[in-house]
**Q** 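Before I ask anything, here is the structure I am working with.
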Amino acid sequence: MEWFYDLSEAELRKSVTGLGLKEFVAVQLSTWILNKNIVDPDGWSNISKENRELLTENFDFTLDRSIRTDADPSGTKKFLIELQDGNRIESVLIREKNHYTFCISSQVGCALGCKFCATGNLGFKRDLFSGEIISQVILLKKELGDYEGKINLVFMGMGEPLLNYENLRKALIRLTDEKGISISPRRITVSTAGILKNLKKLEEDFPNIKISFSLNGSDNTQRQKLMPVSKKEHLDDIIEYFRDRKRKHRITFEYVLIEGLNDSLEDAEKVSKLLRGIPSKINIIPYNPNDFADFKTPSEKKVDEFAEFLVKKGLTVMVRWSKGKDIRSACGQLAGE
Ligand code: SF4
């Protein structure tokens with residue numbers, strides 16, 4: 001039996017017509033499930049009973065199961081999701097002023113082992129299928145009931161999305177398809193530690209999707225200590241790529257600020273030089289503690305000094321005191337626990 005969520009539009013059409021049904025039934029099916037969020041076949045009112053039965057006999061429409069949710073007073077909700085093989089991932093729903101943001105996972109665990117990140121400390125288990133990425137989005141949409149406002153998607157949950165590029169690509173096609181979930185590419189951000197080859201592919205395939213880059217160090221040597229991936233993917237190569245390519249949006253640089261490690265004004269000076277000439281904004285994220293690392297969060301004064309220095313250098317800077325810290329859903333805290 002095929003799992004509906006893992007099929008591309010073309011694969012679905014082929015399977016539906018293979019059952020002797022008309023091609024438009026595949027469109028109706030996608031509209032009900034992906035667009036209107038109606039997973040229960042009883043609700044597919046424009047598909048005949050006979051055809052609904054045939055479809056449920058041949059496709060598995062079961063979503064991955066949310067087995068626990070934790071909420072904090074700001075409206076942030078963390079979902080612990082059990083996959084069909086028993087592995088667990090986390091997704092986060094964040095209520096913003098005028099919209100919702102879904103923070104989506106792309107892998108079970110992560111191979112990159114960033115020192116400040118709980119997921120990295122779990123190690124890598126496996127890539128998510130495209131259907132498992134889509135299933136997270138549908139689950140979170142279901143949580144919002146009949147909300148019809150804007151939704152932003154950020155691939156900042158567990159895993160490095162660009163190390164699971166083919167499944168990410170398949171999911172992005174489905175997520176942005178107007179007949180399906182229909183999220184504008186401009187409202188989607190893929191966050192990466194910098195897998196240059198696949199970053200280039202992503203920008204070729206989806207020029208309107210936004211990129212967020214985990215910088216976290218003011219030079220490659222310092223970054224390597226926090227992000228071992230920098231031994232293979234040199235920071236200078238990534239920065240050069242960002243500087244040379246013309247794009248419609250600015251690159252967001254994420255900088256987790258850790259006391260005594262990367263939070264000096266010399267670091268701020270180096271960061272300002274590094275980003276010179278790149279249309280960018282920088283998010284300063286004061287370190288969010290987790291059970292795996294022994295780092296400290298800098299004082300508010302230190303965070304402000306760092307941010308102000310960059311502002312004086314002409315950079316657009318946001319300080320992000322993370323939401324969802326109480327429920328361990330903030331940046332770097334997801335552990336599938
Ligand atoms: S920060 Fe991202 S890339 Fe680094 S270990 Fe965590 S999930 Fe992986």
Side-chain angles (χ1 to χ4, degrees), residues 78-81 83 87-92 94 101-128 132-133 136 153-165 167-168 171 188-199 202 209-218 220 222-235 237-238 242 251-258 261-262 282-295 297 320 322-325 328-337:
K78 181 171 81 166
F79 296 76
L80 179 63
I81 296 170
L83 308 173
N87 273 309
R88 291 172 178 191
I89 53 165
E90 291 176 327
S91 317
V92 185
I94 304 156
T101 297
F102 295 176
C103 179
I104 301 297
S105 291
S106 54
Q107 296 180 311
V108 184
C110 184
L112 295 189
C114 303
K115 303 293 181 210
F116 50 83
C117 170
T119 309
N121 276 282
L122 291 177
F124 174 71
K125 289 202 176 153
R126 70 166 174 86
D127 288 331
L128 293 187
E132 291 169 327
I133 294 172
Q136 293 172 67
L153 280 194
V154 296
F155 284 87
M156 293 185 185
M158 297 168 74
E160 163 55 58
L162 295 187
L163 285 180
N164 184 15
Y165 186 65
N167 288 323
L168 174 75
I188 299 178
T189 301
V190 173
S191 174
T192 180
I195 311 299
L196 192 50
K197 191 169 138 233
N198 289 346
L199 179 58
L202 175 75
I209 281 181
K210 292 182 184 155
I211 306 296
S212 171
F213 173 67
S214 298
L215 177 60
N216 306 323
S218 58
N220 199 61
Q222 187 187 65
R223 188 173 189 259
Q224 256 183 49
K225 290 182 191 146
L226 291 169
M227 302 182 74
V229 65
S230 238
K231 288 180 194 148
K232 265 174 87 181
E233 302 275 356
H234 201 288
L235 181 59
D237 295 336
I238 296 165
F242 283 141
I251 301 293
T252 301
F253 289 88
E254 311 284 347
Y255 195 96
V256 175
L257 207 61
I258 303 174
L261 266 175
N262 61 2
I282 178 157
N283 284 340
I284 309 277
I285 306 161
Y287 168 69
N288 294 306
N290 64 55
D291 295 338
F292 302 95
D294 204 13
F295 298 139
T297 312
R320 296 211 177 264
S322 298
K323 292 179 178 181
K325 264 198 290 198
R328 302 188 94 62
S329 67
C331 180
Q333 289 186 318
L334 298 183
E337 57 193 7

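Both counts, for ligands and for their atoms, begin at 1 and track the order of listing. When a residue number appears, it is its place in the shown sequence, counting from 1.
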**Q** Specify the closest pair of heavy atoms between K115 and N121, including all atoms of both residues, with the distance to one decimal.
**A** O-ND2, 4.1 Å
**Q** For atom 8 (Fe) of ligand 1, decide whether C114 has an N, O or S atom at a distance under 2.8 Å.
**A** no
**Q** G113 heavy atoms, cut-off 4.0 Å: which ligand 1 atoms fall inside?
**A** 5 (S)
**Q** Check each of G159, S214, A118 against atom 7 (S) of ligand 1 and report the one with the nearest heavy atom.
**A** G159
**Q** For ligand 1, which atoms sit closer than 4.0 Å to a heavy atom of C117?
**A** 1 (S), 5 (S), 6 (Fe), 7 (S)
**Q** So, do Y287 and F295 have ring centers that fall under 6.0 Å from each other?
**A** yes
**Q** Would T192 and E160 count as a side-chain hydrogen bond (donor to acceptor under 3.5 Å, both in side chains) if you check the C-alpha gap in whole Å, the side-chain angles of each, and the deciding distance to 0.1 Å?
**A** CA-CA 6 Å; T192 180; E160 163 55 58; 2.9 Å; yes
**Q** Among K225, Q222, R223, Q224, exactly one meets side-chain hydrogen bond (donor to acceptor under 3.5 Å, both in side chains) together with S230. Which residue is that?
**A** R223
